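Everything on this sheet refers to the single structure shown next.
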Amino acid sequence: MNSSVRSLTPFIAALVTLLIMGCSERPLVKNSAVDSNQIADLILVNGDIYTVDDSRSWVEAVGIQGQHIVYVGTDAGAEKFKGEKTRIIDLKGKMILPGFQDAHVHPIEAGMAYLGCSLHDGKSAEDYVRIVAECAQQFPDATFIDGGGWTMDLFENGLPDKKLLDAVISDRPVILKSASGHQLWVNSRTLEIAGINADTPNPPRGRIDRYKGSNEPSGSLQENSAMNLAFDTRPPYSPSQMQAALKFGQHYLNQYGVTTVQDALLKLDGNEAYVGGPTYAGMDEAGDLTLRVVGALVWNTDLGLEQLSRIIDARTRFNTPRFHAPSVKIWLDGVVEVHTAALLEPYEDRDDGHRGDLFIDPDLLDVVVTKLDALGFQIHFHTIGDAAIRHALDSLEVARKVNGIRDSRHHLSHIQLFDPADIPRLKALDVVANFQPYWAWGDKFITELTMPKIGTERSKWLYPIRSLLDSGAIVVFGSDWFVTSGNPLLGIETAVTRRDPLTNVSVEFLDNQRIDLADAIQAYTINSAYVNFMEKDTGSIEVGKLADLIVLDQNLFDLPPQEISDAQVLLTLLGGVPVYGDWSLQPIAKTAQ
């Protein structure tokens, strides 16, 4: 908190904070209970409890019986729910929120990246090379080195060089995925094994980067079709490796208060089988899954409608108490930084008229979307460029005309660059806007790799969260972890400030797109519950809902906006059971940021 706010009287300071956060009052709801004769197993009292109900109400106490909430109201009203065996937890003024729900995340893939050769802590290309060398020494018997977490902004034009890896490991393949998930950095041995050389053409919807003035591959591969040339040479992960990755991923998310996720990409193996689904289902059946998981089954852009039978079968098979797969992920384009996002107008830093390419032809996309919609699937689009956004909306409009209106909750994720004419279309078509808010500040990706490619005018429509809210569209938040941190508080602060939440030092970046704290919390709770078809059971603190709750050490509404992410999650409950922290409500060291 800055010194000027500290010096104010408590009353004025509170008033200033409320005005800053866009919340002018805190209505205290009337006591709400299932049955006043019902005895609670657990009662949390003396708290600042923000329910995220329709009235955005505040209460003091919550009672839980089994997995469900049976009481919401005042401390005095909670007395009726106390029994001889009721556990009473004094929150001592700490804040409770509904568990966060991440609408776009990759728990297994992220866990695999962190448990492999993790480059996430590297701050330079030299750091990355050092870490790779250490991985090679640590695992001398490994047949290949894989991992990820490198960022494009640390390389010229966002393209790493194979020679950097060759200098430290040349006898084994090295396969490193970028933090964005759209590129691989490989060494010469990988290229050799994959049969990638100067004569290898770019695959459809992908690119083999090459040295200037030469066809020789330089060591980076863009987008899935090119990346798979390397991935196909890698042995598949074992079931135990997949389980270890998920255990890491769910613990990481639980520690930041995440209780429900949409896994945005249940991937396929070389035999066109979904590899993540059995891991989620098996761990749930064993009682080891500490997240509620909605799975998005990947649509293979190299195939057509023949894959529908596999997708329908997967939806049927993947159906356990905490895991099901009602969604299909369609990847429509790449990313702006390396010219693979699909734009309506050409990139400004090229003179060849290049606009990027859609990964699915628009006519085929209409057919695919209409068929999936008719089959009752939710469609989860990857859309970065304004052309990808427009074509996704066009296809959804076609599907609505053919199939009629239904409760589909289709959503567009990432939605980095809008043509403003398309903003009102999401509300009109009942399409959900799925932002990754932590990306909405002026880092090097924006200032050096994005804005020069699209120019000043188009850059005014990067991550227009406020505009989508004002249009009436439902806005939800996700992290895309491991691309960036899975800590929702970082995303919430960024949405409120449009600044780097870790340093609070960054260039001004579309401050007109800032949103209120209450709206940001809603996007990470009840709205994400809505896109997950779980708003009747989760997403707010109301009687009858599941007791998916988090306790924070500070009330976010009492903090200056630039300190929101300094708050700590002390306890995460899933169905009333701690999956992170304990009843002492003391801070615990986090696994990773």
Side-chain angles (χ1 to χ4, degrees), residues 1-2 5-6 8 10 13-29 44 46-53 55-60 62 91-102 253-259 435 437-438 440-441 465 469 475-479 485-502 504 514-529 539-541 548-573 580-581 585 587 590 593:
M1 182 177 292
N2 63 49
V5 175
R6 285 186 186 277
L8 298 174
L15 178 60
V16 169
T17 301
L18 289 174
L19 290 173
I20 290 172
M21 307 316 290
C23 181
S24 60
E25 58 180 338
R26 297 185 183 185
L28 187 68
V29 299
L44 303 161
N46 190 23
D48 259 352
I49 303 174
Y50 186 54
T51 65
V52 200
D53 65 1
S55 300
R56 294 183 173 178
S57 307
W58 293 83
V59 299
E60 298 170 328
V62 175
L91 296 168
K92 298 179 180 178
K94 295 178 176 64
M95 187 181 201
I96 289 188
L97 285 172
F100 292 128
Q101 301 206 17
D102 192 316
L253 292 165
N254 290 157
Q255 71 183 345
Y256 290 119
V258 177
T259 53
F435 284 102
Y438 188 29
W441 63 276
I465 303 175
L469 276 175
V475 170
V476 305
F477 283 168
S479 66
S485 173
N487 179 358
L489 292 176
L490 291 172
I492 288 171
E493 181 178 321
T494 307
V496 173
T497 67
R498 304 287 286 207
R499 297 291 187 274
D500 176 5
L502 296 178
N504 303 123
R514 292 176 176 177
I515 67 173
D516 298 334
L517 174 58
D519 289 328
I521 291 174
Q522 184 169 320
Y524 247 127
T525 54
I526 190 65
N527 285 9
S528 284
S540 62
I541 303 173
D548 294 356
L549 310 172
I550 60 175
V551 179
L552 298 104
D553 64 344
Q554 302 176 79
N555 188 325
L556 302 182
F557 289 90
D558 291 341
L559 297 174
Q562 68 272 16
E563 293 184 14
I564 290 171
S565 64
D566 293 339
Q568 295 290 313
V569 173
L570 303 176
L571 177 68
T572 302
L573 300 179
Y580 171 75
L585 303 183
K590 299 292 192 287
Q593 179 61 51

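Because the structure is predicted, anything quoted here is derived from the model rather than measured.
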Test item: Phe100 and Ile492 side chains (from C-beta on) under 4.5 Å apart, heavy atoms: yes
Does the side chain of Thr525 reach to within under 4.5 Å of the side chain of Leu97, using non-hydrogen atoms? no
Member of Val476, Val475, Val258 meeting the side chain to side chain contact (heavy atoms under 4.5 Å, CB included) criterion with Ser528: Val476
Compare every heavy atom of Gly539 with every heavy atom of Val52, then report the nearest pair and how far apart it is. CB-O, 4.2 Å
Let me confirm one number: the OH-CG distance from Tyr580 to Asn254, rounded to the nearest 0.5 Å. 10.0 Å
Main-chain N/O of Ser57 paired to Thr51 side chain as donor or acceptor, under 3.5 Å: yes
Contacts of type side chain to side chain donor-acceptor pair (under 3.5 Å), residue Asn504, not counting sequence neighbours: Glu493
Taking only residues two or more places apart in sequence or in another chain, which ones pass salt bridge (Lys or Arg N to Asp or Glu O under 4.0 Å) with Asp519? Arg56, Arg466
Once you round to the nearest 0.5 Å, how far does CG of Asp553 lie from CG of Leu585? 10.5 Å
Closest contact, heavy atoms only, Leu573 versus Thr259: O-CG2, 3.7 Å
Spatial distance of atom CD1 (Ile564) from atom CG (Leu517) [nearest 0.5 Å]: 4.5 Å
Measuring only between side-chain heavy atoms, which start at C-beta, is Phe435 closer than 4.5 Å to Ile515? no
Could you go through Leu549 and Leu44, starting from their C-alpha distance and side-chain angles, then the distance that decides it, and tell me whether this counts as side chain to side chain contact (heavy atoms under 4.5 Å, CB included)? CA-CA 11 Å; Leu549 310 172; Leu44 303 161; 4.2 Å; yes
With sequence neighbours left out, write down each residue that passes side chain to side chain donor-acceptor pair (under 3.5 Å) with Tyr256, or none if nothing qualifies. none
Taking the side chain as every heavy atom from C-beta outward, state whether Leu559 and Asp566 have any atom pair closer than 4.5 Å. no
Considering non-hydrogen atoms only, spot the tightest contact between Thr494 and Pro437 and give its length. CG2-O, 3.2 Å
Is any side-chain heavy atom of Trp441 less than 4.5 Å from a side-chain heavy atom of Leu502? no
Just to verify, what does Asp102 make a salt bridge (Lys or Arg N to Asp or Glu O under 4.0 Å) with, not counting sequence neighbours? none
Closest heavy-atom pair, Val496 versus Ala520, reported as atoms and distance to 0.1 Å, is CG2-CB, 4.3 Å
With a 4.5 Å cut-off on side-chain heavy atoms, are Asp48 and Tyr50 touching? no
Which heavy atom in Ala567 sits nearest to a heavy atom in Leu556, and how many Å separate them? CB-CD2, 3.6 Å
Output for pair (Ser565 OG, Asp500 CG), nearest 0.5 Å, gives 9.0 Å
Using every non-hydrogen atom in the two residues, find where Tyr438 and Pro501 come nearest and quote the distance to one decimal. CE1-CG, 3.3 Å
Residues in side chain to side chain donor-acceptor pair (under 3.5 Å) with Asn46, at least two apart? Asp90
Is any side-chain heavy atom of Phe477 closer than 4.5 Å to one of Ile465? yes
To the nearest 0.5 Å, atom CD of Gln554 lies from atom CG of Leu570 at 9.5 Å
Can you list the residues that meet the side chain to side chain donor-acceptor pair (under 3.5 Å) rule with Asn487, with sequence neighbours excluded? none
Nearest 0.5 Å please: distance from the CD1 atom of Ile550 over to the CG atom of Leu489. 7.0 Å
